Number of protein chains: 2
Amino acid sequence: MRQADTKTHILDTAEALLQNRGFNAFSYNHIAQPLGVKNAAIHYHFPTKTDLGVALIERCRARFQQYTELLEAGEASPVLKFEAYLTLPWRYLRDGGKVCPLGVLEVEFNTLPEEMRLEIVALDQQMRAWLAIALEEGREQELLHFEGSAEEQAIVIAAALQGALQIARVAGQSAFDTCVRHLKQKLGLVN
Amino acid sequence: MRQADTKTHILDTAEALLQNRGFNAFSYNHIAQPLGVKNAAIHYHFPTKTDLGVALIERCRARFQQYTELLEAGEASPVLKFEAYLTLPWRYLRDGGKVCPLGVLEVEFNTLPEEMRLEIVALDQQMRAWLAIALEEGREQELLHFEGSAEEQAIVIAAALQGALQIARVAGQSAFDTCVRHLKQKLGLVN
DNA sequence: GAAAAAACCTACCTACAGGTAAGTAATCAG
DNA sequence: CTGATTACTTACCTGTAGGTAGGTTTTTTC
């Protein structure tokens, strides 16, 4: 291996491009150039763009899995779990006005190959399912307060954050902060 | 004129393509074919894709303007105005799982030409500003209940709806309905 | 230290996107 | 009824996207 792990570098740049421009708006050359490599090198690691897309989403899934396992292992409180969930979009925004990968992929959903669609659905379910459990835990411990099912609440939160990140692009950071503040307030987290 | 108004037909199909696939994921041929016309015909009406994009957003703005003027003229109650606002995304969803045009354009924002960006920002402000006024009116008349500024509330609502439409693509209609129900409840609309 | 495998590069190829130039058919205005 | 205008078509052109075949250089393995 000339470079330690080109594959990881490819995924990193591809992921950034995904969140900054969308899946359809970047090419293999967009990835190759910053890495100082030719586009055939990308095809070596990911024969087709579909392969790349699937790998990208799978990595998101694995990372989220790790992240949550860490939180469970540390016996994080439901409130901390919720805050940890908020950290994800917050980092995206700070990191140059990126947007939630899931949001991008949902917008482009109809243009994407079946293999990617399945992964997208899986990622969406995985994230919302975990959040829902955390919320339910929080309610049982009377740390969080909301009506309706935790699954519903998870949807509302996910939708609000996803939309907020996007709106922040044209309305500024503060739009996102506003949404977060309102979500917290709604859950009874005074903060 | 061979056809009554090809220009309108072009905008109609382009708008549908925008909401189904995104701005970068459709070409002039995608518009031309269903209209039974050659792509040069599209270039006749809209020399560049940027022109088309700008026209598309301007039409959204004009239509929204008309829509709101109609509501004002009918002296619609703040509640009705809010419901009318909800009608927009609800129609998108029903109309084949479309997504909010603003959301699409925000996701693709970094790939779009300056001319389009300005229009996008303007559309976003126009819609949220009107919503904010309606919300404030509703609060003054004690028909709607919320804390914080009406502008903030408008952001939260816009973000939630935008995200909900997108999530509905992978999680089904019900995800959107859930978000709407929660928004209404939060505003004190029992329904 | 040689063979095999890994990680590339060079040089293509096809398809299509966006766009243009020049011509043609229908319509309208005087 | 004739010129100008409108609304196109045909036929291109350039650039780039995604992808492939075959060669070359490293690195690993034995």
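Hydrogens, waters and symmetry mates play no part in the numbers below; they use all other heavy atoms, side chains included. Each chain gets a letter, A, B and so on, in the order its sequence line appears, and its residues count up from 1. Since this is a predicted model, take the numbers as computed values, not measurements.
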Where the side chain of [X] is concerned, which of [options] is the nearest nucleotide?
| X | options | answer |
| --- | --- | --- |
| A:V37 | C:dC9, C:dA17, D:dG18 | C:dC9 |
| B:K49 | C:dG18, D:dG19, D:dT9 | C:dG18 |
| A:A40 | C:dA17, D:dT9, D:dT20 | D:dT20 |
| A:Y28 | D:dG18, C:dG18, D:dC8 | D:dG18 |

Length of the line joining [X]:[atom1] and [N]:[atom2], which is rounded to integer Å:
| X | N | atom1 | atom2 | value |
| --- | --- | --- | --- | --- |
| B:F46 | D:dA7 | CZ | C1' | 14 Å |
| B:I31 | C:dA17 | CD1 | C1' | 12 Å |
| A:L17 | D:dA17 | CG | P | 12 Å |
| A:D5 | C:dA7 | CG | P | 11 Å |
| A:H30 | D:dT16 | NE2 | P | 10 Å |
| B:H43 | D:dT6 | NE2 | C1' | 18 Å |
| B:L52 | C:dA17 | CG | P | 14 Å |
| B:N39 | C:dT20 | CG | C1' | 11 Å |

- request: Nearest-nucleotide wise, let me know which of B:N24 and A:A41 is further upstream toward the 5' end of DNA chain C.
  value: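 Nearer the 5' end of the strand: A:A41.
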- request: Assign each of A:Y44 and A:G36 to its nearest nucleotide of DNA chain C by heavy atoms, then name whichever residue's nucleotide is nearer the 5' end.
  value: A:Y44
task: Using the ring of B:F82 (Phe, Tyr or Trp, six-membered ring only), decide whether B:K184 places NZ or CZ under 6.0 Å from its centre and within 45 degrees of its axis.
output: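 Ring-cation test returns no.
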query: Is B:K49 positioned over the aromatic face of B:F26, cation under 6.0 angstrom from the ring centre and no more than 45 degrees off axis?
result: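 Yes, a cation-pi geometry holds between B:K49 and B:F26.
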message: Classify B:F26 by what it touches in the nucleic acid, base, sugar-phosphate, or nothing, heavy-atom distance under 4.0 Å.
response: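 Sugar-phosphate, no base atom in range.
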task: Would you confirm whether the ring centroid of B:F176 sits within less than 6.0 angstrom of the ring centroid of B:W90?
output: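 No, the ring of B:W90 stays outside the 6.0 Å limit from the ring of B:F176, centre to centre.
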task: For the pair A:R61 and A:E58, find out whether any cationic side-chain nitrogen is under 4.0 Å from an anionic carboxylate oxygen.
output: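 Here A:R61 does not pair with A:E58 in a salt bridge, since their nearest N and O are not under 4.0 Å apart.
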query: Starting at the 5' end of DNA chain D, which residue's closest nucleotide do you reach first, B:K38 or A:T50?
result: B:K38
Indicate whether OP1 or OP2 belonging to [N] is found under 4.0 Å from a side-chain N or O atom of [X].
| X | N | answer |
| --- | --- | --- |
| B:N29 | C:dA17 | yes |
| B:T6 | D:dC8 | yes |
| A:H45 | C:dA6 | no |

message: Quiz question: by atom type and distance under 3.5 Å, do the side chains of A:H30 and A:S27 form a donor-acceptor pair?
response: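 Their side chains do contain a donor-acceptor pair, which is all the 3.5 Å distance test asks for.
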